[in-house]
Amino acid sequence: MILQRQEDAVPRKESREAMFTGTHGRMPWRVGKESPRSNPGPSGRGFFASAWRREVKTYLHEGIDMSERVQRRTGATMLAAVLLGIGIMAALDEIVFHQVLAWHHFVETDNSALALASDGLLHTLELVMLVIGGALMLRLHETGQHAPGYRGAGFLLGMGGFQLFDGIVDHKILGLHQVRYVDNLLVYDLCWNLAGLLLLAIGYWLLRRARRGEALSQR
Amino acid sequence: MSGFALVFGALAALYAWGWWRAKRRGRGWPLWRLALFVGSALAIVAVMSPPSMQWAHDDFRGHMAVHLVAGMIAPLGLVMAAPASLALKNVPAHWGRRWVRFVSLPPIRVLSHPVTAALLNIGGMMALYLTDLYIAMRHSPGFALWLHWHFVVAGCLFSWAIAGPDPAPRRPSLEWRFGVLVVSMAAHATLSKWMARFHFPASVPLDQVRQGAELMFYAGELPEALLAYLLARQWVRSRYREPAGARGVTP
């Protein structure tokens, strides 16, 4: 519907390949004048550059009309999803284990001032990650620049990564608190960290599918 | 504490007058901003009313609740209503240049720098709770009054320095503002944990300190998270533009 309206207004002569050569969608007098906004995509050999090119090839191969599509930002989508995953896992941890189950408390009696300060800093960083991830993801969806498949992958990788980090650094190295104050602590620690590994594994599987262009959700 | 009622009642009336005047002259100003400003001003008046102040004097949790509303939530609302922008809509254009000259003055720029604002905010709180100032405040009404004004003004200054929507040339960069915000959030969280663990202020029963500190920790991060969201929103809006073709096209 939108395409028809646009084609009525400006009959398009460019071939599908022209969409990616830098002239597509630009005013005639702007063609050939490079500006940072109109970059035709990354050209390096890095992970995100190759993911971008793979995506473009997919659209070319399947004949998806890119006139409606804008550059899908794989890296930014991944970043936003990882931040959201970390933030939500941290919030779940605080709500379920600290407040609902009350397995551990606001402050334990043997915390040192430094451990509490690091706890406060970690807590703040988690909250800020949640907020930035949310704002970024919202903006990517508003402008249609989110990349399919990378949201779920990044989200699960962020969740699993945080779970492992919490289980190893917070509980064991900093000693802020244990999972639960019982005798068979090892079982709880194992469950905690294995849950993190499981989330990471699923996230990695989703990431591989997304990189092959076989994301579960193509929207 | 009728000074608060007088000042914030007058400010709310002035804002409502400016809103009405802008609307009459065909330069609309959103209704939600009027509601935000008036609501925030009334919230300050309410928490500074005698019954609420009595509660704050008797109970540390009450003190924390008053501090939360008057020092964090209401200032955020006042600043996000963009009062200076509305004022500039209602005065002749050359006042805009005066405003820019005013906020460009070195003392004003130093005062409204995020670092200064954060120091006034968090530093003031650390001084109040970790030293004997809290007892001094309970025994001296004049100092208490000054301190409550400090809460409100420092809160407004901080919100304005971090994510204020009013025009100000040569604001510090987004990185600076984000960094200062994160540090002051961490300082706020740490201070509340220290208060609960090491029993500050010592003149208050430990139960009240624990509950007050938890209130400070959990409820205090809501306005901070809101401030972080507003700042992040400014950042992503400038970083990720609407694609040129998509503007004005509705599916």
Side-chain angles (χ1 to χ4, degrees), chain A residues 1-3 5-6 10 24-27 30 37-38 67-71 73 76 80 83 87 94-95 98-99 105-146 176, chain B residues 122 130 163 174 178-200 206 209-218 220-251:
Chain A
M1 194 191 330
I2 309 151
L3 293 180
R5 220 189 306 147
Q6 281 188 343
V10 186
H24 169 67
R26 306 180 63 184
M27 294 295 149
R30 296 286 307 163
R37 287 261 169 255
S38 65
S67 62
E68 275 295 293
R69 296 187 178 269
V70 291
Q71 181 184 345
R73 299 196 183 255
L83 292 177
E94 299 214 338
I95 293 169
H98 290 237
Q99 297 193 335
H105 301 102
F106 184 62
V107 289
E108 309 293 347
T109 42
D110 56 350
N111 287 143
S112 71
L114 197 62
L116 286 177
S118 73
D119 193 25
L121 182 63
L122 284 179
H123 178 82
T124 300
L125 288 179
E126 291 153 18
L127 184 66
V128 166
M129 282 178 190
L130 188 64
V131 167
I132 294 183
L136 183 54
M137 191 61 98
L138 185 63
R139 186 64 182 165
L140 288 173
H141 277 74
E142 271 176 0
T143 57
Q145 301 181 36
H146 59 283
L176 282 172
Chain B
I122 298 292
L130 298 185
L174 278 169
F178 231 113
V180 171
L181 180 62
V182 168
V183 169
S184 65
M185 283 168 78
H188 195 265
T190 304
L191 177 63
S192 58
K193 293 231 167 195
W194 280 353
M195 283 161 59
R197 167 70 178 82
F198 301 112
H199 193 184
F200 284 114
L206 186 58
V209 169
R210 282 256 159 105
Q211 290 171 3
E214 278 198 47
L215 187 66
M216 174 177 169
F217 185 82
Y218 289 114
E221 72 189 10
L222 290 179
E224 284 172 336
L226 197 58
L227 199 57
Y229 175 74
L230 293 167
L231 189 58
R233 188 91 185 127
Q234 291 179 9
W235 171 62
V236 293
R237 273 184 184 226
S238 64
R239 178 79 173 73
Y240 298 100
R241 302 275 177 182
E242 299 275 349
R247 190 161 294 162
V249 177
T250 47

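So that the names make sense, note that chain A is the first sequence line, chain B the second, and so on, each numbered from 1.
Taking the six-membered ring where the residue is Trp, A:His141 and A:His146 present parallel rings, their angle staying beneath 30° rather than reaching 60°.
Ranked by heavy-atom pairs under 4.5 Å with chain A, the first of B:Thr190, B:Leu191, B:Leu226 is B:Thr190. Annotation: maximal heavy-atom pairing with chain B below 4.5 Å, among A:Glu94, A:Glu142, A:Arg139, occurs at A:Arg139. Of the listed residues B:Trp194, B:Tyr229, B:Phe198, the one with more heavy-atom pairs under 4.5 angstrom with chain A than any other is B:Trp194. Between chain B and the options A:Ala76, A:Gly120, A:Ala113, A:Ala117, heavy-atom pairs under 4.5 Å are most frequent for A:Ala113.
Closest approach of B:Ile122 to B:Ala187, counting heavy atoms only: CG2-CB, 3.6 Å.
Of the candidates B:Arg210, B:Glu214, B:Met216, B:Met195 forms a side chain to side chain contact (heavy atoms under 4.5 Å, CB included) with just one, namely B:Met216.
At a 4.5 Å heavy-atom cutoff, the contact between A:Leu140 and chain B is made by side-chain atoms alone. If you measure heavy-atom distances from B:Glu224 to chain A, you find no contacts under 4.5 Å at all. Using a 4.5 Å cut-off between heavy atoms, A:Leu127 contacts chain B through its side chain alone, with no backbone atom that close.
The number of heavy-atom neighbours closer than 6.0 Å to CG of B:Leu206, taken from other residues, nucleotides and ligands shown, is above 12.
B:Arg233 is listed as a side-chain neighbour of A:Leu138, based on a closest heavy-atom distance under 4.5 Å.
Within the 3.5 Å criterion, the main-chain N or O of B:Arg241 finds a donor-acceptor partner in the side chain of A:Gln145.
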